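Down below is the structure, laid out as C-alpha cells.
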Amino acid sequence: MTKTFDFDTTIDRMGTYCTQWDYVQDRFGKAGLLPFTISDMDFGAPEPVVEALKARLEHPVLGYSRWNHDDFKGAIVRWYASRFNAEVNAEHIVYGPSVIYIIAKLIEKWSHVGDGVVFQTPAYDAFDKLVEGSGRRCIRNPLIKTDSGWDVDWTRLEEQLALPDTTIFLLCSPHNPTGRVWRKEELTRIAALCDKHAVAVISDEIHMDVAFEAHTPWQGFGMQTRWALVTSASKSFNIPALNGAYAFIPDTQCREHYLFKLKEVDGLSSPSIMGVLGMMAAYEQGEPWLNALNDYVRENHTYVASRLNTAFPSVNYRTPDATYLAWIDLSSLNLDMDRLQRDLIDSFSVAIMNGSVYGEAGKGYVRLNLGCARSKVEAGVDALIGAIRLQQH
C-alpha cells in the first residue's frame, strides 16, 4: 500500500526564529507579511528524519563528531545509484558546512584574485557576492528565454570561457531561479568547452532532487580539467537548519587541499551530528516522501500557471523542469515593479521576491516560493493578481 503524505495542513512557523516568517521585516520593512521569499519550505521534514534526530537526543552527550565514515558516504553513494542511476566514487566525497562554503574554497584554490568566474544569469544572488567577495570577477552568461523555456547562448559562452583570465565555470544545475534541468548532451558540451579552454567546473546541484525532468549529475563527462559537484540534502528534505553539505572532488591533490583548509585552517571538520544523521535518514528512507513532494509542488506550479495565464494571457507561465520556485515573467504587462512590491506589501500584506534581486536579467520578474500548502499558494496568487490589477486600473 502506498503511503500518503499530508502537504495541505499548514504548520505555524512563527516564534521558531524562522528567517522566512519571523524576520520578514528585515527585507521587506514590515512585520506579519505572508512570505514567499527565502528558499526553504513550509513542510515538516520527513518522518524518518525527525525520528532519527529524536533517537539521537535520547543520548545526552553531544560531543564532537565525524563525517568520514562508511555510513555517511555509503548513504550518498546509494542515493545517486537509486535516484539518478549514477555510479559515484565514495573516495571523492568531502563534507562541508554549506554548499557556499565549499564553492568558496574551490574558487580560492582554482583561481587567482582578479580572475573571471562565468555563471549563467539570472543567477542566485549569492553567486555575485561569493565571486566578488573572493576578489574575482563575475562574468555573466545570460540565458536565452524561449517560448518553451531557457537555452544557453553557446556562442557567447565559448567567447567568455576563452578569455585568458577565465578560470572557473560556476554551473547551477538545476538552474536557480529559472528551474531549467540541463540535458546530458548539454552538460557534455559544456564539459568539452571548459576542457578546451582549461576552465574548471564547479556544479552547484542543491536543487537536484526537486525535479520534474530527469536530472543528470555532473560527472566530468571526460574532462581532463578539474571539476567538482557540490550539493546538500537541505533543500530537498527541508532541513537547512541542520547544516551540512558535501561535494565530489575527484582530483586527489585538490581534495586533500580542501580538507586541510576545512580542518586545519577553518576548524570546521567536526560536523553537526544532527546534520549527518538527518542526511543519512533522508537518503536511506526519505525517497517516498520526496516523490510525493515533487508531485505536490508540480501541482502548485500547474495551479499558478492556470490562474496567472487566465488573468493575464501574455504572461504565459509554464511549469519549470525543477524546483519549488516559480520564476514569473511579468515584463509583458509593463508594470512598475517597485510599485508592485509596495502594493503587495501595503495593500495585500504579502512578501514576494522581486526578480531584480537576481541581477539585471531578473528585472520584470518575481520569484514565488511554492514550497508550501496549496491554500498559501492560492493566497499568494490572489495577492499578485490583485496588485497587478491595481496598476492596470
Side-chain angles (χ1 to χ4, degrees), residues 6-44 122 124-126 176-177 179 235 238 240-241 293 296-297 299-312 314-315 317 319-320 323-358 362-393:
D6 179 13
F7 297 107
D8 283 321
T9 299
T10 59
I11 300 173
D12 184 1
R13 299 180 67 187
M14 294 296 290
T16 63
Y17 304 104
C18 165
T19 297
Q20 181 164 194
W21 287 81
D22 287 321
Y23 301 103
V24 69
Q25 185 172 359
D26 291 353
R27 185 187 289 266
F28 291 88
K30 182 179 178 181
L33 302 177
L34 185 67
F36 297 85
T37 55
I38 191 170
S39 59
D40 68 4
M41 298 185 283
D42 288 334
F43 305 128
Y124 173 43
D125 54 318
N176 176 16
K235 299 289 187 193
N238 206 33
L293 170 80
Y296 192 88
V297 169
E299 289 171 3
N300 277 351
H301 280 289
T302 300
Y303 174 83
V304 170
S306 175
R307 289 287 310 282
L308 282 182
N309 296 343
T310 298
F312 313 106
S314 66
V315 169
Y317 179 72
T319 298
T323 84
Y324 51 80
L325 304 168
W327 184 241
I328 303 169
D329 183 0
L330 301 178
S331 59
S332 65
L333 303 179
N334 297 312
L335 300 171
D336 178 335
M337 297 301 287
D338 291 334
R339 179 186 165 184
L340 181 70
Q341 283 293 308
R342 292 194 302 272
D343 287 341
L344 283 167
I345 294 166
D346 296 337
S347 300
F348 297 93
S349 295
V350 163
I352 298 174
M353 297 293 278
N354 192 328
S356 62
V357 170
Y358 309 97
K363 291 184 176 179
Y365 287 77
V366 292
R367 195 189 78 166
L368 187 69
N369 184 340
L370 304 183
C372 56
R374 186 71 40 75
S375 58
K376 183 186 173 189
V377 175
E378 291 170 359
V381 174
D382 285 346
L384 182 58
I385 291 173
I388 292 170
R389 284 181 170 155
L390 275 183
Q391 280 199 48
Q392 293 182 328
H393 299 91

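Predicted model, so just to flag it, every value in this text is computed and none were measured. Just so you know, residue 1 is the first one in the sequence shown, and it goes up from there.
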* Please state whether the rings of Tyr296 and Phe43 are parallel, tilted or perpendicular, taking 30° and 60° as the class boundaries. => perpendicular

Nearest 0.5 Å, what's the [atom1]-[atom2] distance between [X] and [Y]?
X      : Y      : atom1 : atom2 : value
Leu390 : Leu335 : CG    : CG    : 11.0 Å
Phe312 : Ile385 : CZ    : CD1   : 5.5 Å
Leu325 : Phe36  : CG    : CZ    : 12.5 Å
Gln20  : Met14  : CD    : CE    : 11.5 Å
Leu370 : Thr302 : CG    : OG1   : 10.0 Å
Tyr324 : Asp42  : OH    : CG    : 10.0 Å

On a heavy-atom basis, which atom in [X] and which in [Y] lie closest, and how many Å separate them?
X      : Y      : result
Ser332 : Ser314 : OG-OG, 2.7 Å
Ala351 : Val24  : CB-CG2, 3.8 Å
Ala373 : Thr10  : CB-CG2, 3.8 Å
Asp6   : Asp8   : OD1-N, 3.0 Å
Gly362 : Pro122 : N-CB, 4.3 Å
Ala383 : Leu344 : O-CD2, 3.6 Å

Between [X] and [Y], is there a donor-acceptor pair closer than 3.5 Å when you use the side chain of the first and the backbone of the second?
X      : Y      : value
Arg367 : Thr37  : yes
His301 : Thr323 : yes
Lys376 : Gly371 : no
Asn238 : Met41  : yes
Asp22  : Gly15  : yes

* To do: Go through the steps for Arg13 and Asp40 under the test salt bridge (Lys or Arg N to Asp or Glu O under 4.0 Å), then give the verdict.
  => CA-CA 12 Å; Arg13 299 180 67 187; Asp40 68 4; 2.9 Å; yes

* Qualifying residue, where the test is ring-ring contact (aromatic ring centres under 6.0 Å, His included) with Tyr358 and the options are Tyr365, Trp327, Tyr124 -> Trp327

* Asked: Can a donor-acceptor pair be found between the side chains of Tyr303 and Arg374 at a distance below 3.5 Å?
  -> no

* Asked: Do the side-chain N and O atoms of Lys235 and Ser39 include a donor-acceptor pair separated by under 3.5 angstrom?
  -> yes

* To do: Inspect the surroundings of NZ in Lys30 and state if more than 12 heavy atoms from other residues, nucleotides or ligands are less than 6.0 Å away.
  => yes

* Does Ile328 reach the side chain of Val304, with side-chain heavy atoms less than 4.5 Å apart? -> yes

* To do: Report yes if the side chains of Leu340 and Leu384 come closer than 4.5 Å at any heavy-atom pair, otherwise no.
  => yes

* **Where at least one partner belongs to residues 380-392, residue pairs that pass side-chain hydrogen bond (donor to acceptor under 3.5 Å, both in side chains), sequence neighbours excluded** => Arg307-Asp382

* Asked: Looking at residues at least two apart in the chain, or sitting in another chain, which of them share a salt bridge (Lys or Arg N to Asp or Glu O under 4.0 Å) with Arg339?
  -> Asp343

* Between Asp125 and Met353, is a side-chain contact (heavy atoms from CB on, under 4.5 Å) present by the stated rule, with each step listed? -> CA-CA 12 Å; Asp125 54 318; Met353 297 293 278; 5.9 Å; no

